[in-house]
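None of the values given here were measured: they were computed from a predicted structure.
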Amino acid sequence: MEKCKVLVVGGTGYLGRRIVSASLSQGHPTYVLQRPEIGLDIDKLQMLLAFKKQGAHLVEGSFSDLDSLVRAVKLVDVVICLMSFRSHNILLQLQLVEAIKRAGNIKRFLPSEFGFDPARMGHALEPGRVTFDDKMVVRKAIQNAKIPFTYVCGAGFAGYLAGNLSQMGTLVPPKEKVLIYGDGKAKVSIVDEDDIAAYTIKTIDDPLTLNKTLYLRPPENELSQKQLVEMWENLIGKKIEHISISEEDFLASMKGMDYAGQVGVGHFYHMFYEGALTNFEIGEEGEEASKLYPEVKYTRMNEYLKIYA
């Protein structure tokens, strides 16, 4: 059966580059949007050229030029968009929605999601809630335009949550002491970014996920922070000091932080005090990735942590 053609928008980003690689490795004709905005960013250009060597097609297009987006979209069957929430560009996707609507040929659109399910984050704290509000605006536009979609949600990125034992302000494991959020028992779904990409590409032509949410919640990777820390202690053969921080003190730490810091604290609060990635049953509106695609041998966190030891 002929593989569907995929356009990746944001293919040089942290997750985007993995999505491009997964699309190519799963045999899809893969197109990557090359935006003139990269300017003199040599790293991004060289990444795009590396994709081209691997068989990807580079297609020029810009969010400031709707016609160029329409031309790019007309080349493919599926569009996957990845926007860094740090860039506050989520709403740029409305241009992409308009281009997909005009092109009229897209069989599936996967907007930029991957973390918290924004439909479940109506209670989220300021200022971080803007990410979820903006994603809901994009969802509404997709559904109003009757564009076939899959929302991929539910993953805590391992690169940001596992190796550092979920400590803010570092990406490597603490040596002597670890901050534990509350009782450290809220479950978080932590997924290797390469596995996120593999599941994402698996779902693009799956009728079971059409107009549904795909949750990334592989059961062995639904871990509490305490379980994660214990894995690390077993790996290094020693205990480190645990310092618990209450909900009140954690939220108070927002005071005096810059905008990005406040957003980070809010998101960590929802993840580690509320368990917002896992504190619900997946209903009829969703599917769980590891159940649908058992052939993806996802990385367990006790294996993932070994590279940090």
Side-chain angles (χ1 to χ4, degrees), residues 3-97 99-100 106 108-115 131 134-135 138 150-153 155-161 163 171 191-204 216 260 263:
K3 292 272 190 174
C4 59
K5 297 174 185 164
V6 179
L7 172 66
V8 182
V9 179
T12 58
Y14 179 67
L15 189 56
R17 70 190 76 164
R18 292 169 168 87
I19 299 277
V20 173
S21 295
S23 181
L24 287 167
S25 69
Q26 291 185 37
H28 292 277
T30 303
Y31 295 72
V32 185
L33 195 72
Q34 180 175 345
R35 294 162 60 194
E37 289 83 356
I38 67 167
L40 297 176
D41 191 330
I42 188 71
D43 290 331
K44 284 188 177 179
L45 178 61
Q46 292 196 336
M47 196 184 303
L48 287 167
L49 295 174
F51 291 149
K52 192 175 177 183
K53 277 185 186 172
Q54 293 164 41
H57 308 273
L58 304 184
V59 51
E60 291 188 3
S62 171
F63 283 108
S64 59
D65 179 357
L66 185 59
D67 288 341
S68 72
L69 292 180
V70 173
R71 286 193 296 273
V73 164
K74 280 185 173 177
L75 296 171
V76 298
D77 308 301
V78 172
V79 178
I80 305 173
C81 187
L82 304 111
M83 311 289 287
S84 168
F85 71 88
R86 287 197 190 88
S87 65
H88 310 297
N89 283 338
I90 298 291
L91 292 180
L92 272 182
Q93 292 179 102
L94 295 175
Q95 284 288 88
L96 200 49
V97 171
I100 291 169
I106 291 303
R108 194 84 60 103
F109 176 40
L110 282 66
S112 190
E113 299 250 355
F114 302 99
T131 304
D134 286 354
K135 286 180 177 180
V138 174
T150 298
Y151 304 138
V152 181
C153 292
F157 290 10
Y160 285 96
L161 297 177
L171 293 173
V191 189
D192 183 314
E193 289 82 349
D194 289 332
D195 295 337
I196 294 173
Y199 285 130
T200 299
I201 298 301
K202 285 279 181 190
T203 205
I204 58 178
L216 305 174
V263 169

Open item on the list: So which atom in V9 and which in V79 form the shortest heavy-atom distance, rounded to 0.1 Å?
Closed with: CG2-CG1, 4.3 Å
Task: Pairs meeting criterion side chain to side chain donor-acceptor pair (under 3.5 Å) with involvement of residues 33-61, two or more places apart - done: E37-S62
Task: Closest contact, heavy atoms only, A22 versus I201 - done: CB-CG1, 3.7 Å
Task: Heavy-atom side-chain contact between V138 and I90 under 4.5 Å - done: yes
Task: Closest non-hydrogen atom pair, I106 against V73 - done: CG1-CG1, 3.4 Å
Open item on the list: Which residues pass the ring pair (Phe, Tyr, Trp, His ring centres under 6.0 Å) test with F109, not counting sequence neighbours?
Closed with: none
- [ ] Write down the atom of S68, the atom of G61, and the distance for their closest heavy-atom approach.
- [x] OG-CA, 3.4 Å
Open item on the list: Do D65 and R71 have side chains that approach each other closer than 4.5 Å (heavy atoms only, starting at C-beta)?
Closed with: yes
TODO: Check side-chain hydrogen bond (donor to acceptor under 3.5 Å, both in side chains) between Y14 and all other residues, then give those that pass, not counting sequence neighbours.
DONE: E193
Task: Partner residues of Q93 under the side-chain hydrogen bond (donor to acceptor under 3.5 Å, both in side chains) criterion, sequence neighbours left out - done: none
- [ ] Apply side-chain hydrogen bond (donor to acceptor under 3.5 Å, both in side chains) to Y31 and list each qualifying residue two or more places apart in sequence or on a separate chain.
- [x] none
Task: Contact summary for F51 and S21, nearest pair of heavy atoms - done: CE2-OG, 4.4 Å
TODO: For the residue pair T203 and L110, establish whether any side-chain heavy-atom pair is separated by less than 4.5 Å.
DONE: yes
Task: All side-chain hydrogen bond (donor to acceptor under 3.5 Å, both in side chains) counterparts of T30, not counting sequence neighbours - done: S23
Task: Where at least one partner belongs to residues 7-18, residue pairs that pass salt bridge (charged side-chain N to carboxylate O under 4.0 Å, His left out), sequence neighbours excluded - done: R18-D194
- [ ] Kindly write out the residues that satisfy salt bridge (Lys or Arg N to Asp or Glu O under 4.0 Å) with D77, not counting sequence neighbours, or none if the list is empty.
- [x] K107
Task: Where A99 and L69 come nearest, the two heavy atoms and their spacing - done: CB-CB, 3.6 Å
